[in-house]
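Structure first, then comments.
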Amino acid sequence: MRINRRLLSAIVTALMAMSLAAQSGDPFGSAIVNGVPWTDNQGRPVNAHGACIVEEDGRYYLFGEWKSDTTNAFPGFACYSSTDLVNWTFERVALPLQESGLLGPNRVGERPKVMRCPKTGEYIMLAHTDDMRYKDPQVGLAVAKEITGPYTFIGPLLYEGKPIRRWDMGTFQDHDGTGYLLMHHGDIYRLSKDYRRAVKKVASGIKGGGESPAMLHKDGTYFLFGSNLTSWERNDNFYHTAPSIEGPWTKQGIFCPEGTLTYNSQSTFILPLHRGDSIIYMYMGDRWSYPYQASSATYVWLPMQVEGLKVSIPEYWPVWNPETMQPVSELGGKVVTVRFKSKEKGSKLTLPFEGTRIAIKGYTFNNGGYGRITIVDNQGNTVHTNLIDFYSKVPDDGLRYVSPLLPQGAYTLIVECVGEHPHWSNKRGNYFGSREDWVTVEEVRIY
Ligand code: GAL
């Protein structure tokens with residue numbers, strides 16, 4: 001049957017079927033919600049991608065790419081802090097755009113990683129620096145006396161007096177305080193005692209190694225994580241193990257179910273979390289969204305199971321509590337079933353509600369586009385707005401938006417089809433992303 005697409009996209013139905021009217025608890029104040037933009041203490045999206053976390057004195061410091069929605073050029077690296085991994089305070093742009101040099105105008109800055117050097121007490125930031133075509137990769141070095149910065153940019157990290165001309169990077173601090181630089185495709189360098197130089201290449205071109213490297217060390221086994229080369233697109237990430245950081249390294253395979261594309265994310269860092277007598281390793285990944293990375297790229301953080309030589313994240317927890325390390329299966333709230341499916345620019349779903357928070361579930365697939373969510377109060381003021389990415393290569397039904405906590409009141413939710421979609425090309429000019437602009441919302445929960 002031939003579907004009249006124009007008609008289909010023009011017909012926007014908003015069927016509201018009130019079900020489960022009972023209003024129940026709001027879990028979002030204490031839960032990590034994967035794949036939705038997080039809102040910081042200033043009401044803006046938490047914008048720290050390709051991130052890492054440093055834990056110090058009971059606070060978590062999140063560093064990442066402070067992305068822009070208009071260009072891939074480096075605008076700075078951001079620092080946020082939190083006591084619970086859920087509620088994030090914007091600290092500052094820890095490393096701002098430089099006047100010139102490796103992180104000057106029209107350059108790329110990615111994957112900032114911060115470590116406190118145990119010997120000097122200095123905070124060291126290493127990051128991928130590049131030109132806009134990714135033809136001038138180097139590792140940039142910046143330092144600070146205080147964890148939140150501002151960081152002073154020094155220049156390229158040197159190995160044997162020369163810059164390291166590779167791109168994706170990560171860092172790893174071993175139990176004995178030794179610092180390592182992880183480079184894509186399996187090069188590992190040990191850092192000097194003051195962390196300001198690379199002094200030894202301890203592993204070289206580990207077979208089957210990939211991009212976005214991250215590492216953990218448990219019970220004498222080193223685990224190296226990485227992704228395949230698919231630009232901002234997700235793929236099934238994998239890991240290697242070794243009895244020593246120098247190797248021999250063995251490829252173990254994937255750690256999320258095959259075909260989930262690492263639950264739609266790309267590895268960036270592993271954070272050890274102390275819970276009771278044990279350490280739980282939290283996987284941190286990026287769900288990129290080009291070109292609206294600042295607004296719409298999101299995070300996928302999940303606890304990993306590490307036993308012997310095996311690492312896995314057996315199930316996707318869309319919402320989970322990082323204190324109890326348990327998934328939140330009951331989302332509560334008043335459930336409103338809606339049906340909004342449109343690819344027509346400017347088409348809208350409008351839903352008045354009363355309460356303190358709203359959460360939206362929707363469908364993403366390979367022809368999804370951008371939707372704008374806006375919450376307006378009864379004076380007509382916008383109290384929150386965010387651009388949401390409805391694209392995913394692998395289809396997914398799930399939470400797409402959770403509003404910040406609002407003062408109890410009467411509001412209107414507006415979901416608007418923007419008429420744009422995420423797409424980009426890799427260094428070889430191959431097309432990635434969506435080709436249509438579908439926005440699909442299925443359920444709204446009111447708290
Ligand atoms: C990815 C890489 C990202 C970014 C992107 C640009 O492969 O992991 O950090 O560089 O390519 O296309």
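In each ligand, atom 1 is the first atom listed, and ligand 1 is the first ligand listed.
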Relative to the heavy atoms of [X], which atoms of ligand 1 are at a distance of less than 4.0 Å?
X    : value
Y134 : 6 (C), 10 (O)
Q266 : 8 (O)
R111 : 2 (C), 3 (C), 8 (O), 9 (O)

Of the protein's non-hydrogen atoms, which lies at the shortest distance from [atom], and what is that distance?
atom                    : value
atom 7 (O) of ligand 1  : E211 OE1, 2.4 Å
atom 1 (C) of ligand 1  : S231 O, 3.4 Å
atom 10 (O) of ligand 1 : E110 OE1, 2.6 Å
atom 8 (O) of ligand 1  : D168 OD2, 2.5 Å

Next on the checklist: Under a plain distance cut-off of 3.5 Å, with no hydrogens placed, do W288 and Q266 share a side-chain donor-acceptor pair?
Outcome noted: yes
*Does a side-chain N-to-carboxylate-O contact under 4.0 Å join R400 and E442?*
no
Applying ring pair (Phe, Tyr, Trp, His ring centres under 6.0 Å) between W38 and each of W301, Y401, Y80, F28, report the one that passes.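 Between W38 and the candidates, ring pair (Phe, Tyr, Trp, His ring centres under 6.0 Å) is satisfied uniquely by W301.
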*Find out whether F365 and W438 are in side-chain contact, i.e. whether some heavy atom of one side chain is under 4.5 Å from a heavy atom of the other.*
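Answer yes - side chains close enough.
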Counterpart residues, ring pair (Phe, Tyr, Trp, His ring centres under 6.0 Å), relative to H185 (two or more places apart)
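Testing H185 for ring pair (Phe, Tyr, Trp, His ring centres under 6.0 Å), a comparison that skips the adjacent residues, returns none.
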request  = Work out which heavy atom in D389 is nearest to a heavy atom in S289; give both atom names and the distance.
outcome  =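 Here D389 and S289 meet closest at OD2-OG, 2.6 Å.
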